[in-house]
> 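For reference, the structure I am asking about is given below.
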Amino acid sequence: MEQQWKQSLYVYVDQVNKARVEPKYSSQKVSVSVKDPRYLVEQGERSHRITEWYNARGITPLRGETGVKTLRTVRQTPTEVVAEVTLHSALYYEKGGVNHREDRVELERLTFVRDGGGWEITAIERTIPERNTVHRAEAELPGRLSKWGEALPAPLPSQPLLNRNILGEISGSREIRYNREEAVAYADRWWKDGNPEFETFEVDCTNYVSQCLFAGGAPINYTGKRETGWWYKGYQGKQEWWSYSWAVSDSLQRYLSVSRSSGLRAEVMERPEQLILGDIIQYDWDGNGQYQHSTIVTAFDAGGMPLVNARTVSSRHRFWDYRDSYAWTDQTKYRFFHINDYL
């Protein structure tokens with residue numbers, strides 16, 4: 001039975017892959033294996049938007065590669081299977097005579113139902129983690145839940161950062177040069193699975209960006225108070241030790257917006273093309289002043305526009321405006337931060 005429903009899964013993955021290269025394909029062909037009406041309507045609308053987006057960027061999609069991994073089977077009966085899968089998609093495209101590649105890893109929960117001799121996909125569920133944020137997790141720790149509402153185990157102890165050498169550096173007055181190449185190298189190394197030396201959050205984008213800044217030499221500003229400074233200590237027992245600015249997008253946005261004489265500092269820029277490697281972009285999906293997502297600039301396309309890395313929805317060299325994200329809306333606003341060269 002497993003091979004039968006997985007054959008339907010592979011057909012679906014092939015359709016997803018083709019739709020990234022030719023967005024209109026999704027509304028024309030995906031119904032072959034998918035019978036989820038909500039999904040079909042959404043994909044029809046999305047295909048039009050993505051086609052316009054490709055044209056506006058001046059890119060020509062060349063080919064796609066999409067692999068699938070079944071994380072677990074949530075439920076399995078002779079007539080129904082519910083499975084969580086990850087899709088790792090790579091899109092190859094040309095712009096200005098230069099070939100580019102972007103990668104993205106997304107989580108989906110699929111429901112397969114037997115229909116005669118075959119299997120149909122009757123439901124496709126996605127969380128939109130880029131729209132979420134980290135809240136008062138120390139109070140929520142005993143009952144932490146997954147994206148699907150299921151109980152998670154308590155995190156393991158983790159405290160890789162706070163040590164006398166680091167604390168000694170931030171107590172002095174010597175300026176530190178921000179090493180953009182090191183920040184980008186770290187971003188490209190850990191974009192997919194995350195550095196195991198750090199706690200991985202359900203909403204991990206700002207934790208990841210903070211790690212990249214730290215890898216580039218940004219000094220820890222340890223205050224011992226979660227509402228102030230910029231620091232990470234990890235878990236000790238059931239107690240969290242990290243500042244909100246380290247792991248919460250809007251808190252990092254506020255931290256970078258404040259003028260200070262030393263330490264991690266940034267300048268707000270007006271346009272994305274003013275950014276350079278190692279700079280930060282943040283996203284307010286609803287235009288209400290609450291920033292929910294963080295990325296780091298890791299490359300540029302042939303037109304000089306930033307390409308970014310992120311986690312939560314793990315992404316590498318993704319176009320900066322995120323118009324292909326399920327979180328994006330017409331009200332989306334951006335915050336462009338140029339990190340100071342000397343910290």
Side-chain angles (χ1 to χ4, degrees), residues 102 129-134 176-191 194-195 198 201 203-221 229-232 242-260 262-285 289-301 304-322 325 327-328 332-343:
E102 72 168 50
E130 295 124 315
R131 292 191 64 86
N132 299 331
T133 189
V134 180
I176 301 169
R177 177 182 173 275
Y178 180 43
N179 191 324
R180 299 177 182 278
E181 293 75 17
E182 289 294 328
V184 169
Y186 185 97
D188 279 343
R189 180 178 182 185
W190 297 112
W191 71 275
N195 186 343
F198 291 83
F201 298 93
V203 181
D204 205 41
C205 58
T206 307
N207 174 41
Y208 165 75
V209 164
S210 289
Q211 291 175 40
C212 296
L213 291 169
F214 180 74
I220 292 293
N221 178 10
W230 177 76
W231 53 275
Y232 175 93
W242 43 266
S243 66
Y244 289 125
S245 60
W246 182 276
V248 181
S249 294
D250 198 56
S251 296
L252 178 61
Q253 182 270 141
R254 291 195 299 271
Y255 188 82
L256 293 177
S257 297
V258 173
S259 176
R260 54 180 57 85
S262 62
L264 177 58
R265 292 170 289 169
E267 179 182 358
V268 177
M269 311 304 285
E270 295 182 358
R271 302 185 306 277
E273 57 266 34
Q274 294 175 300
L275 300 179
I276 61 177
L277 292 175
D279 285 342
I280 305 301
I281 302 177
Q282 295 192 290
Y283 302 75
D284 168 9
W285 305 119
Q290 183 78 24
Y291 288 82
Q292 297 161 285
H293 188 52
S294 306
T295 67
I296 181 169
V297 177
T298 53
F300 295 88
D301 70 11
M305 299 303 289
L307 305 176
V308 299
N309 284 24
R311 278 190 49 76
T312 303
V313 173
S314 297
S315 305
R316 179 179 181 271
H317 295 185
R318 190 168 178 174
F319 193 72
W320 71 271
D321 69 5
Y322 261 64
S325 169
W328 187 89
T332 297
K333 294 181 180 178
Y334 307 93
R335 192 83 158 161
F336 308 111
F337 285 109
H338 171 64
I339 305 300
N340 281 27
D341 288 327
Y342 290 92
L343 306 170

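What you are looking at is a predicted structure, and each value in this text was computed from that prediction instead of being measured.
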> With sequence neighbours excluded, tell me which residues meet side-chain contact (heavy atoms from CB on, under 4.5 Å) with Arg177.
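With sequence neighbours excluded, Arg177 shows a side-chain contact (heavy atoms from CB on, under 4.5 Å) to Asn179, Glu181, Tyr342, given in chain and number order.
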
> With the side chain counted from C-beta on, respond yes when Val248 and Thr206 share a heavy-atom pair under 4.5 Å apart, and no when they do not.
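Contact flag for Val248/Thr206 side chains = no.
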
> Show the numbers, then the answer: is there a side chain to side chain contact (heavy atoms under 4.5 Å, CB included) between Phe214 and Tyr232?
CA-CA 10 Å; Phe214 180 74; Tyr232 175 93; over 6 Å; no

> Is there a donor-acceptor contact under 3.5 Å from the side chain of Asp188 to the main chain of Ala185?
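Such a contact is absent between Asp188 side chain and Ala185 backbone.
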
> When you compare the side chain of Val268 with that of Phe336, does any pair of heavy atoms fall below 4.5 Å?
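No, their side chains stay 4.5 Å or more apart.
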
> My understanding is that only residues two or more places apart in sequence, or in another chain, count here; which of them pass side-chain hydrogen bond (donor to acceptor under 3.5 Å, both in side chains) with Tyr255?
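side-chain hydrogen bond (donor to acceptor under 3.5 Å, both in side chains) check on Tyr255 returns Asn221.
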
> At what distance, to the nearest 0.5 angstrom, does CD of Gln292 lie from OG1 of Thr332?
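Gln292 atom CD to Thr332 atom OG1 measures 9.0 Å (nearest 0.5 Å).
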
> Please round to the nearest 0.5 Å and tell me the distance separating atom CD1 of Ile281 and atom CE of Met269.
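If we round to the nearest 0.5 Å, Ile281:CD1 and Met269:CE are 12.0 Å apart.
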
> Quick one: list whatever passes ring-ring contact (aromatic ring centres under 6.0 Å, His included) with Tyr283, sequence neighbours left out.
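Tyr283 satisfies ring-ring contact (aromatic ring centres under 6.0 Å, His included) with Trp285, His293, Tyr322, Tyr334 only.
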
> Once salt bridge (Lys or Arg N to Asp or Glu O under 4.0 Å) is applied, do any residues pair with Arg311, and if so which ones, sequence neighbours excluded?
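Salt bridge (Lys or Arg N to Asp or Glu O under 4.0 Å) check on Arg311 returns Asp204.
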
> Any side-chain heavy-atom pair from Phe319 and Met305 closer than 4.5 angstrom?
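With C-beta onward as the side chain, the pair touches.
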
> State, with a plain yes or no, whether a side-chain heavy atom of Leu307 is found less than 4.5 Å away from one of Glu102.
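When only atoms from C-beta onward are counted, Glu102 and Leu307 do not touch, as no gap falls below 4.5 Å.
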
> From Asn195 CG over to Arg189 CZ, what is the distance, rounded to the nearest 0.5 angstrom?
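Output value for this atom pair is 7.0 Å.
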
> Applying ring-ring contact (aromatic ring centres under 6.0 Å, His included), can you list everything that pairs with Phe300, at least two apart in sequence or on another chain?
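Testing Phe300 for ring-ring contact (aromatic ring centres under 6.0 Å, His included), a comparison that skips the adjacent residues, returns none.
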
> With sequence neighbours left out, write down each residue that passes side-chain hydrogen bond (donor to acceptor under 3.5 Å, both in side chains) with Asp321, or none if nothing qualifies.
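Residues passing side-chain hydrogen bond (donor to acceptor under 3.5 Å, both in side chains) with Asp321: Trp53.
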
> Who are the side-chain contact (heavy atoms from CB on, under 4.5 Å) partners of Ala266, not counting sequence neighbours?
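So Ala266 forms a side-chain contact (heavy atoms from CB on, under 4.5 Å) with Leu256, Phe337, Ile339.
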
> Tell me the closest heavy-atom pair linking Thr298 and Ala187, and the distance in Å.
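Shortest heavy-atom separation between Thr298 and Ala187 comes out as CG2-CB, 3.7 Å.
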
> What's the verdict on side chain to side chain contact (heavy atoms under 4.5 Å, CB included) for Val209 and Gln282, showing C-alpha distance, side-chain angles and the deciding distance?
CA-CA 10 Å; Val209 164; Gln282 295 192 290; over 6 Å; no

> Tell me the closest heavy-atom pair linking Ser294 and Ala310, and the distance in Å.
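Closest approach of Ser294 to Ala310: O-CB, 4.1 Å.
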
> Does Arg254 have any side-chain hydrogen bond (donor to acceptor under 3.5 Å, both in side chains) partners at least two apart in sequence or in another chain, and if so, which?
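Here the qualifying residues are Asp250, Ser251.
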
> Sequence neighbours left out, what passes salt bridge (Lys or Arg N to Asp or Glu O under 4.0 Å) with Glu182? Give chain and number order.
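Salt bridge (Lys or Arg N to Asp or Glu O under 4.0 Å) check on Glu182 returns nothing, list empty.
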
> Counting only N and O atoms by type, is there a donor-acceptor contact under 3.5 Å from the side chain of Ser314 to the main-chain atoms of Trp191?
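A pair under 3.5 Å: yes.
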
> Can you tell me how far OG of Ser262 sits from CD1 of Ile176, rounded to the nearest 0.5 angstrom?
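Going from the CD1 atom of Ile176 to the OG atom of Ser262 covers 9.5 Å.
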
> Do Asp284 and Gln253 touch side chain to side chain, with heavy atoms closer than 4.5 Å?
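No, side chains not in contact.
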
> Say you draw a straight line from OG of Ser249 to OH of Tyr291; how long is it, rounded to the nearest 0.5 Å?
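Reported to 0.5 Å precision, the distance equals 11.5 Å.
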
> Under the rule for side-chain contact (heavy atoms from CB on, under 4.5 Å), what residues qualify as partners of Arg265, not counting sequence neighbours?
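Partners of Arg265 by the side-chain contact (heavy atoms from CB on, under 4.5 Å) criterion, ordered by chain and then number, come out as Glu175, Arg260, Asn340.
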
> Passes side chain to side chain contact (heavy atoms under 4.5 Å, CB included), Trp320 versus Val297? Steps please.
CA-CA 8 Å; Trp320 71 271; Val297 177; over 6 Å; no

> Which heavy atom of Leu277 sits nearest to which heavy atom of Ala299, and what is that distance?
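Closest heavy-atom pair between Leu277 and Ala299: CD2-N, 3.6 Å.
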
> Is the shortest side-chain heavy-atom distance between Trp242 and Phe201 below 4.5 Å?
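A side-chain contact exists here, since the closest heavy-atom pair is under 4.5 Å.
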
> Can you give me the closest heavy-atom contact between Gly278 and Leu213, atom names plus distance?
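What the structure gives for the nearest pair is O-CD2, 4.3 Å.
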
> Test of understanding: with salt bridge (Lys or Arg N to Asp or Glu O under 4.0 Å), list the residues that count as partners of Arg335, not counting sequence neighbours.
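Result, salt bridge (Lys or Arg N to Asp or Glu O under 4.0 Å) vs Arg335: none returned.
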
> Could you go step by step and tell me if Leu252 and Tyr244 meet the side chain to side chain contact (heavy atoms under 4.5 Å, CB included) rule?
CA-CA 7 Å; Leu252 178 61; Tyr244 289 125; over 6 Å; no

> Could you please spell out the steps behind the side-chain hydrogen bond (donor to acceptor under 3.5 Å, both in side chains) verdict for Ser210 and Trp230?
CA-CA 9 Å; Ser210 289; Trp230 177 76; 3.2 Å; yes

> Under the rule for side-chain contact (heavy atoms from CB on, under 4.5 Å), what residues qualify as partners of Val313, not counting sequence neighbours?
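Arg104, Glu106, Pro129, Glu130, Ser315, Arg318.
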
